[in-house]
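A short write-up of the structure that comes next.
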Amino acid sequence: METTTEIRDGGGEGDESGRYYPFQSIEKKWQQRWAEQGVYRTTEGGDRPKYYVLTMFPYPSGSGLHVGHLRNYVPGDAVARLMHMRGFNTLHPMGWDAFGQPAEQDAIKRNVNPSQVVPVLAKEYKRQLSILGVSYDWDREINSTDPDYYRWNQWAFLLLHKRGLAYRKFAPVNWCVNENTVLANEEVNDGKCWRCDGPVVKKDLPQWLFKITDYGDKLLEGLDRIDWPEGIKTQQREWIGRSEGCEFDIAIEGDKGAVRVFTTRVDTVFGMAFVVLSPEHAVVDAITSDEQRAEVTAYRERAARMSEIDRTAEGRERTGVFTGAYAVNPVNKHRVPVYVADYVLAGYGTGAIMAVPAHDERDFDFARRYDLPTPVVIARDEQEALDPPRGETLEAAFTSKDGFTVNSGDFSNLPCKVAANRIAEWMESEGVGVRKVNFRLRDWLVSRQRYWGTPIPIVHCEKCGIVPVPEDQLPVVLPDVENYKPGPDGRSPLAAIPEFVNTTCPTCGGPAQRETDTMAGSVDSSWYFLRFASPRETSAPWDRAAADYWMPVDLYLGGREHAVGHLLYARFFTKVFHDAGLIDADEPARTLRNQGMLLGYTAVDADSSDKHPILPGDLVDFDLDAWTRRFEQEGPFPAERVARPQGEPERREPVRVEFQWLKMSKSKGNSVTPDAMAQKYGADALRLYVLFAAPFEDTIQWSEDAMNGPFRFLNRVWDVVT
RNA sequence: GCCGAAGUGGUGGAAUGGUAGACACGCGCGCCUCAAAAGCGUGUGGGGCAACCCGUGCGGGUUCGAGUCCCGCCUUCGGCACCA
């Protein structure tokens with residue numbers, strides 16, 4: 001593996017040997033000419049059919065671009081040029097997704113205001129992309145932190161509010177302990193923060209949410225009409241998680257009202273052995289008996305303190321406590337105990353279930369642990385239905401939906417599906433319950449208690465309550481501040497700025513306070529593809545004719561990691577705009593493709609539990625070529641690292657080094673800049689390499705050796721031509 | 001556990017059901033050179049002197065013909081995971 005960065009072309013013409021074609025001067029000349037002539041400038045209309053190629057707009061990070069980023073931009077550019085040459089009127093725009101926490105964290109780390117950093121970084125990205133000859137229509141450049149852009153975020157917020165799709169509630173939210181902020185469900189992985197891997201706990205705060213759950217069916221249905229990778233569509237389907245079932249009331253003994261439960265297996269209702277409420281369920285207090293109160297309270301407190309990670313930990317014992325209350329099964333009037341257990345989730349369905357241990361694995365575990373009965377109501381087949389097994393002898397729950405009902409009164413000896421229908425009908429006619437479709441999808445939490453985002457255009461008035469800022473008063477401008485770091489109390493830094501907070505109510509003119517939450521960055525990216533149609537429009541978020549001309553995006557390129565975040569939100573926004581009659585398209589992108597990752601060979605600490613990368617700069621006498629060869633021969637080997645403990649002089653300490661292929665990033669010390677490669681081999685060789693090394697969707701292991709092929713090819717082309 | 005994608009030379013990877021391994025990297029040989037680098041030419045799946053035989057993760061099947069289609073496994077990568 002070559003690591004030198006000698007320059008192969010010092011400018012071309014001056015090179016006596018003439019062995020390499022003068023790529024630097026050629027590339028510079030044409031890039032200049034293209035820019036001068038504005039060949040990429042795009043206008044709407046004309047006879048040619050339109051084609052809209054979009055690569056996901058990046059957050060310009062302080063680390064700059066590395067060759068991994070080219071996996072996306074270079075193929076996007078190649079397609080744009082191809083379609084242009086094929087006679088399509090091609091739109092290929094670029095912009096900066098510069099609001100949000102990555103930008104803010106970056107700024108905090110460098111101790112500067114994000115508003116000062118963003119323009120510098122955007123300029124640097126633009127420079128790097130230009131070196132590579134990527135053909136954007138820079139006249140359409142947008143920046144999400146520009147008031148001319150984010151005022152339309154506020155407009156969109158108000159539109160959703162008007163349509164009943166934006167609401168505020170006091171809600172348990174995912175709270176990242178490290179970063180002192182809330183996270184969307186999509187930002188929590190394994191109970192840990194997506195960015196810092198810190199623990200996430202539940203915390204109650206007033207929050208703004210978008211009612212994406214109203215669009216569950218539309219979001220599902222639209223998937224059948226778009227050419228997106230199966231994996232992405234599947235992930236979205238599962239994330240939306242539609243399930244059909246029944247909701248019904250179970251009376252609590254002693255005139256204590258009723259608990260509503262949701263089930264997808266109403267055919268098993270005769271097998272209900274107990275009822276379980278989630279620890280957060282509102283009626284727990286009211287129904288708990290005096291004898292059980294202490295135990296129930298203790299259990300609920302423990303559950304509240306537990307982080308998501310502990311609560312969902314694999315192989316965890318299913319625990320719960322008896323409330324002392326009894327419920328009455330509406331179909332057979334059996335009396336069953338009511339429990340509180342944390343395996344029932346507050347946020348799904350009604351937060352309460354009928355437990356049918358003979359036919360549900362979780363209920364079965366719970367029943368065995370607490371010695372509860374497991375009455376059998378489903379038999380494997382008609383044969384078994386004649387002599388069904390007894391509950392006590394069961395070794396596991398029988399969960400198939402293809403069985404036959406038994407011990408189910410008038411509904412016995414029916415195939416499960418038939419029984420489910422008849423029982424549902426019976427419940428509806430008796431007024432006990434209704435058929436219900438439930439979604440796993442939760443509403444989209446857009447509040448952020450952060451500085452670097454779009455201010456939510458709402459005013460809180462003592463008299464009038466929640467008042468939307470009138471559209472003609474937009475934008476609500478994000479003020480310049482001294483201190484933009486998040487406070488430990490969970491409130492936005494904006495709350496500490498009286499000039500921002502104190503205002504008058506747009507309705508009654510009385511004193512009022514501005515909302516201090518800002519919007520999640522994912523709001524900005526949920527409609528930017530529409531803004532590109534008419535980026536300088538000042539009277540509306542987009543010019544209707546231009547947007548209808550370009551939309552939908554014909555080819556959208558970006559990473560798989562956006563499967564259920566950005567890509568779902570963008571679809572939601574598009575559908576809302578469509579329903580509001582503001583745009584013809586009801587899907588943002590006809591075709592979506594996900595680029596593969598680019599991996600770099602990375603030195604890691606062989607003895608650390610997570611095989612932590614070590615920056616080459618910290619390794620004494622690091623030599624990538626020699627070291628990787630050595631590793632391949634003998635495996636992990638000893639070396640020395642420079643340690644810089646805080647407040648102490650730096651020192652050398654021994655480490656064992658091994659190498660792993662990890663996603664390229666500056667922080668892992670395995671990244672290669674396009675600048676260096678373009679200087680050494682030329683932008684065209686680099687572009688050819690990126691296109692040629694592997695199919696677009698495959699992972700590539702970066703190796704500079706492979707740059708030789710495209711480079712030689714271009715030299716031969718040059719020889720033939722000259 | 002469930003879902004998705006993928007397994008082809010030393011390597012990256014090509015192949016509408018029709019000559020498997022295009023193209024490229026690497027490597028071998030040759031030319032050029034005092035020599036090297038670069039370049040050019042040529043060879044390169046395995047076995048065999050050869051004719052030929054064997055080869056696309058494994059085991060079956062469909063077909064005149066299978067890397068490709070079907071059934072059953074194995075492995076790798078990615079995602080989801082108490083959703084009642």
Side-chain angles (χ1 to χ4, degrees), chain A residues 1-2 6 8 15 17-20 185-186 188-191 228-247 261-266 268-269 271-272 275-278 308 311-320 341-357 359-366 397 399 436-442 559-565 594 596-599 632 661 663 685 688-713 715-716 718-719:
Chain A
M1 214 177 278
E2 208 168 351
E6 107 235 35
R8 295 201 161 177
D15 190 289
S17 66
R19 286 189 298 238
Y20 304 114
N185 289 325
E186 289 79 356
V188 181
N189 300 321
D190 284 338
W228 287 21
E230 255 342 285
I232 299 280
K233 291 209 240 181
T234 307
Q235 275 187 64
Q236 291 210 353
R237 284 191 190 103
E238 287 177 356
W239 189 262
I240 295 165
R242 183 180 198 277
S243 56
E244 291 179 16
C246 240
E247 230 178 62
V261 298
F262 173 72
T263 180
T264 56
R265 291 298 305 277
V266 74
T268 66
V269 66
M272 185 193 313
V275 167
V276 187
L277 310 181
S278 64
E308 200 78 348
R311 208 161 143 170
T312 60
E314 202 163 340
R316 196 171 155 259
E317 284 285 328
R318 233 175 272 300
T319 62
D342 67 5
Y343 79 91
V344 172
L345 309 174
Y348 184 75
T350 61
I353 61 156
M354 66 166 194
V356 184
H359 306 292
D360 180 281
E361 283 174 26
R362 297 150 300 180
D363 299 343
F364 185 83
D365 290 348
F366 193 85
T399 58
K436 174 90 196 262
V437 173
N438 249 320
F439 292 94
R440 226 163 135 159
L441 183 68
R442 309 292 162 82
R560 285 177 182 82
E561 67 274 22
H562 296 104
V564 292
N594 305 119
M597 279 189 290
L598 196 132
L599 308 180
E632 246 115 68
W661 287 103
K663 187 175 181 184
L688 274 179
Y689 167 78
V690 169
L691 291 167
F692 188 72
F696 178 69
E697 309 202 277
D698 286 9
T699 297
I700 296 182
Q701 298 178 340
W702 168 260
S703 158
E704 197 183 322
D705 288 346
M707 286 288 300
N708 278 329
F711 184 67
R712 283 205 284 249
F713 169 76
N715 271 297
R716 286 195 292 267
W718 179 254
D719 284 346

Task: Watson-Crick or G-U counterpart of B:C49, or none if no pair lies under 3.5 Å - done: none

- [ ] Could you check how far CZ of A:R237 sits from C1' of B:C80, rounded to whole Å?
- [x] 15 Å

TODO: Report the base-pairing partner of B:U68 (Watson-Crick or G-U wobble, both distances below 3.5 angstrom), or none.
DONE: none

TODO: Go ahead and name the base partner of B:A14; Watson-Crick or wobble counts if both distances stay under 3.5 Å, otherwise write none.
DONE: none

- [ ] For B:U62, give its Watson-Crick or G-U wobble partner with both distances under 3.5 Å, or none.
- [x] none

Open item on the list: What is the separation between atom CD on A:E361 and atom P on B:G1, rounded to the nearest whole Å?
Closed with: 12 Å

Open item on the list: Reading RNA chain B from 5' onward, which residue's closest nucleotide shows up sooner: A:R560 or A:T350?
Closed with: A:R560

Task: Along RNA chain B (nearest heavy atom to each residue), the more 5'-positioned of A:G231 and A:N438 - done: A:G231

Task: Donor-acceptor contact present, side-chain A:E247 to main-chain A:T263, <3.5 Å - done: no

Open item on the list: Could you tell me how far B:A66 sits from B:A20 if I compare only their C1' atoms? Round to whole Å.
Closed with: 11 Å

TODO: Can you tell me the pairing partner of B:G26 across any strand shown, Watson-Crick or G-U wobble, with both distances under 3.5 angstrom?
DONE: B:U44

- [ ] Would you mind calling B:G26 syn or anti? Take O4'-C1'-N9-C4 for purines or O4'-C1'-N1-C2 for pyrimidines, and syn is within 90° of 0.
- [x] anti

- [ ] Rounded to the nearest 0.5 Å, what's the gap from CG on A:D360 to CD1 on A:I353? Could you check?
- [x] 6.5 Å

Open item on the list: Could you tell me how far apart A:R242 (CZ) and B:A84 (P) are, to the nearest whole angstrom?
Closed with: 12 Å

Distances under 3.5 Å between protein N/O atoms and the N/O atoms of nucleotides 25-32 of chain B, please, pair by pair.
from  : atom 1 : to     : atom 2 : distance (Å)
B:C25 : OP1    : A:R712 : NE     : 3.1
B:C25 : OP1    : A:R712 : NH2    : 2.5
B:G26 : OP2    : A:R712 : NH2    : 2.9

Task: A:M597 CE to B:A6 C1', straight-line distance once rounded to whole Å - done: 14 Å

TODO: For nucleotides B:G57 and B:C2, find the distance between their C1' atoms and express it as a whole number of Å.
DONE: 23 Å

- [ ] Heavy atoms only: give me the nearest A:M354-A:T268 pair and the separation to one decimal.
- [x] CE-OG1, 3.5 Å

- [ ] Starting at NZ of A:K436, measure out to OG1 of A:T350 and round the result to the nearest 0.5 Å.
- [x] 8.5 Å

TODO: Go ahead and name the base partner of B:G39; Watson-Crick or wobble counts if both distances stay under 3.5 Å, otherwise write none.
DONE: B:C31

Open item on the list: Rounded at 0.5 Å granularity, tell me how far OG in A:S243 sits from CZ in A:R440.
Closed with: 8.5 Å

Task: Rounded distance in Å - CG (A:N594) to C1' (B:G79) - done: 12 Å

Open item on the list: Would you compute the distance between atom CZ of A:R237 and atom CZ of A:R242 and round it to the nearest 0.5 angstrom?
Closed with: 13.0 Å

TODO: Drop me the distance from A:W228's CH2 to A:K233's NZ, to the nearest 0.5 angstrom.
DONE: 9.5 Å

Task: Pairwise P distance, B:C71 and B:C3 [rounded to whole Å] - done: 14 Å

TODO: Calculate, to the nearest 0.5 Å, the distance between atoms OG1 and NE2 belonging to A:T399 and A:H359 respectively.
DONE: 10.0 Å

- [ ] Quote, to the nearest angstrom, the P distance that separates B:G47 from B:G10.
- [x] 10 Å

- [ ] Please measure how far the P atom in B:C23 lies from the corresponding atom in B:G45, and state the result in whole Å.
- [x] 12 Å

Open item on the list: Distance check, P atoms only: B:G43 and B:U56, in whole angstrom units.
Closed with: 26 Å

Open item on the list: Using atom P in both nucleotides, what's the gap between B:U8 and B:U76 to the nearest angstrom?
Closed with: 14 Å

Anything under 3.5 Å between a protein N or O and an N or O of nucleotides 11-14 of chain B, put it in a table, one pair a line.
from  : atom 1 : to     : atom 2 : distance (Å)
B:G12 : O2'    : A:A693 : O      : 2.4

- [ ] Fit a plane to each ring of A:F262 and A:Y348, take the angle between them on a 0 to 90° scale, and name the class: parallel (under 30°), tilted (30 to 60°) or perpendicular (over 60°).
- [x] perpendicular

TODO: Report the nucleotide, chosen from B:A84, B:C3, B:A5, that has the shortest atom-to-atom distance to any side-chain atom of A:L345.
DONE: B:A84

TODO: Write down the distance separating the P atoms in B:C69 and B:G18, rounded off to the nearest Å.
DONE: 11 Å

- [ ] Starting from C1' on B:A24, measure out to OH on A:Y689 and report it in whole angstrom.
- [x] 11 Å

Open item on the list: Quick check against the 3.5 Å criterion: does A:S278 have a side-chain atom that pairs as donor or acceptor with the backbone of A:G351?
Closed with: yes

TODO: Let me know the distance between CD of A:E244 and P of B:A84, rounded to the nearest Å.
DONE: 12 Å

Open item on the list: Counting neighbours of CD on A:E697 that are heavy atoms of other residues, nucleotides or ligands and sit closer than 6.0 Å, is the number greater than 12?
Closed with: yes

Open item on the list: Which residue in the set A:F711, A:W702, A:F713 passes ring pair (Phe, Tyr, Trp, His ring centres under 6.0 Å) when paired with A:Y689?
Closed with: A:W702

Open item on the list: Distance check needed: B:C2 C1' versus A:W239 CH2, whole Å only.
Closed with: 16 Å

Task: Partner nucleotide, any strand, of B:C77 [Watson-Crick/G-U, under 3.5 Å] - done: B:G4

Open item on the list: Does a side-chain N or O of A:Y348 approach OP1 or OP2 of B:A84 to a distance below 4.0 Å, or not?
Closed with: yes

